[in-house]
**Student:** 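Supplied in structure tokens, the structure appears directly below.
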Amino acid sequence: MNVTIVYDSIFGNTASIAKAVAGGLQGGNQIRLATVHEAGELDLSNTDLLIIGSPTRGFQPTPQIQEYLTGLRNFPSSMAAAVFDTRLDLETVQPAPLRWVIDVGGYAADRMAAALTHQHIELRGTPAAFLVTGNEGPLKTGELERAAKWAGDLSRNAEEALK
Ligand SMILES: Cc1cc2nc3c(=O)[nH]c(=O)nc-3n(C[C@H](O)[C@H](O)[C@H](O)COP(=O)(O)O)c2cc1C
């Protein structure tokens with residue numbers, strides 16, 4: 001299976017998750033990992049699975065990821081997609097009422113999933129969220145391992161769908 005991972009990252013946490021996702025994909029996959037700044041150049045014509053990752057900022061993916069999603073063109077009709085975001089661990093947010101505001105505001109992964117569906121791109125797996133314990137990180141302990149596991153499950157699911 002041919003997998004392209006496109007991500008944005010300001011402080012490096014989403015980049016670390018993207019690398020863990022690449023590492024967790026099943027053997028036998030051809031994997032390309034690109035930042036959203038490099039992604040415009042990529043030819044997606046052989047891509048079976050496009051994985052997109054973004055930090056959640058102001059309840060949204062970054063403007064660059066939003067632009068990438070709305071500008072997606074020339075992808076094969078058989079291409080499926082999966083999404084993940086990074087976001088604050090609500091347990092670390094103070095004062096507590098702010099947790100409610102953040103949660104009600106929503107997250108990048110759901111917005112990316114909606115944008116892909118809008119483009120009639122089928123989603124694989126469940127949108128994933130990986131937690132940071134402060135605005136600039138670090139990632140919560142165990143999130144890299146969880147990202148690798150998510151990727152393994154995802155690639156099994158996507159391989160099945162290709163059969
Ligand atoms: C300006 C700004 C807005 C943010 N907005 C949200 C938000 O709405 N929800 C949330 O869960 N985290 C929010 N965060 C925390 C980010 O999700 C966190 O910075 C990001 O996961 C780090 O990823 P990166 O290191 O790849 O940039 C925000 C952080 C910044 C700096």
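All residue numbers refer to positions in the sequence shown, counting from 1.
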**Student:** So which of L33, I52, T47 actually passes side chain to side chain contact (heavy atoms under 4.5 Å, CB included) with T4?
**Tutor:**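 Testing each of L33, I52, T47 against T4, the sole residue satisfying side chain to side chain contact (heavy atoms under 4.5 Å, CB included) is T47.
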**Student:** How many angstroms lie between atom CE of M112 and atom CZ of F84, to the nearest 0.5 angstrom?
**Tutor:**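 Rounded to the nearest 0.5 Å, the CE-CZ separation comes to 7.5 Å.
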**Student:** Measure the shortest side-chain to side-chain distance between T62 and P55 over non-hydrogen atoms and say whether it is less than 4.5 angstrom.
**Tutor:** yes
**Student:** Kindly indicate whether the side chain of R57, heavy atoms from C-beta on, has any atom under 4.5 Å from the side chain of I10.
**Tutor:**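 Side-chain contact under 4.5 Å: yes.
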**Student:** Does the side-chain contact (heavy atoms from CB on, under 4.5 Å) test come out yes or no for E143 and L131, once each step is laid out?
**Tutor:** CA-CA 7 Å; E143 292 303 75; L131 303 180; 3.7 Å; yes
**Student:** Sequence neighbours excluded, which residues qualify as salt bridge (Lys or Arg N to Asp or Glu O under 4.0 Å) partners of R156?
**Tutor:** D153
**Student:** Is there a side-chain contact between R99 and E91 (heavy atoms, below 4.5 Å)?
**Tutor:** no
**Student:** Using a 4.5 Å cut-off on heavy atoms from C-beta on, say whether the side chain of T92 contacts that of V132.
**Tutor:** no
**Student:** Are K163 and E160 close enough for a salt bridge, meaning some N to O gap below 4.0 Å?
**Tutor:** yes
**Student:** Would a distance-only check, ignoring hydrogens and angles, find a side-chain to backbone donor-acceptor pair under 3.5 Å from E41 to E38?
**Tutor:**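 Between the backbone of E38 and the side chain of E41 there is no qualifying donor-acceptor contact (under 3.5 Å).
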**Student:** Can you see which heavy atom on L42 is nearest to which on A34, and at what distance?
**Tutor:** CD1-CB, 3.7 Å
**Student:** Under a plain distance cut-off of 3.5 Å, with no hydrogens placed, do D8 and S54 share a side-chain donor-acceptor pair?
**Tutor:**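 There is no such pair between these side chains.
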**Student:** For the pair E159 and N29, evaluate side-chain contact (heavy atoms from CB on, under 4.5 Å) and give the outcome as yes or no after the intermediate values.
**Tutor:** CA-CA 10 Å; E159 292 276 6; N29 289 303; 3.4 Å; yes
**Student:** Transitively linked via ILVMFWY side-chain contacts under 4.5 Å: I5 with W150?
**Tutor:**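 Same cluster.
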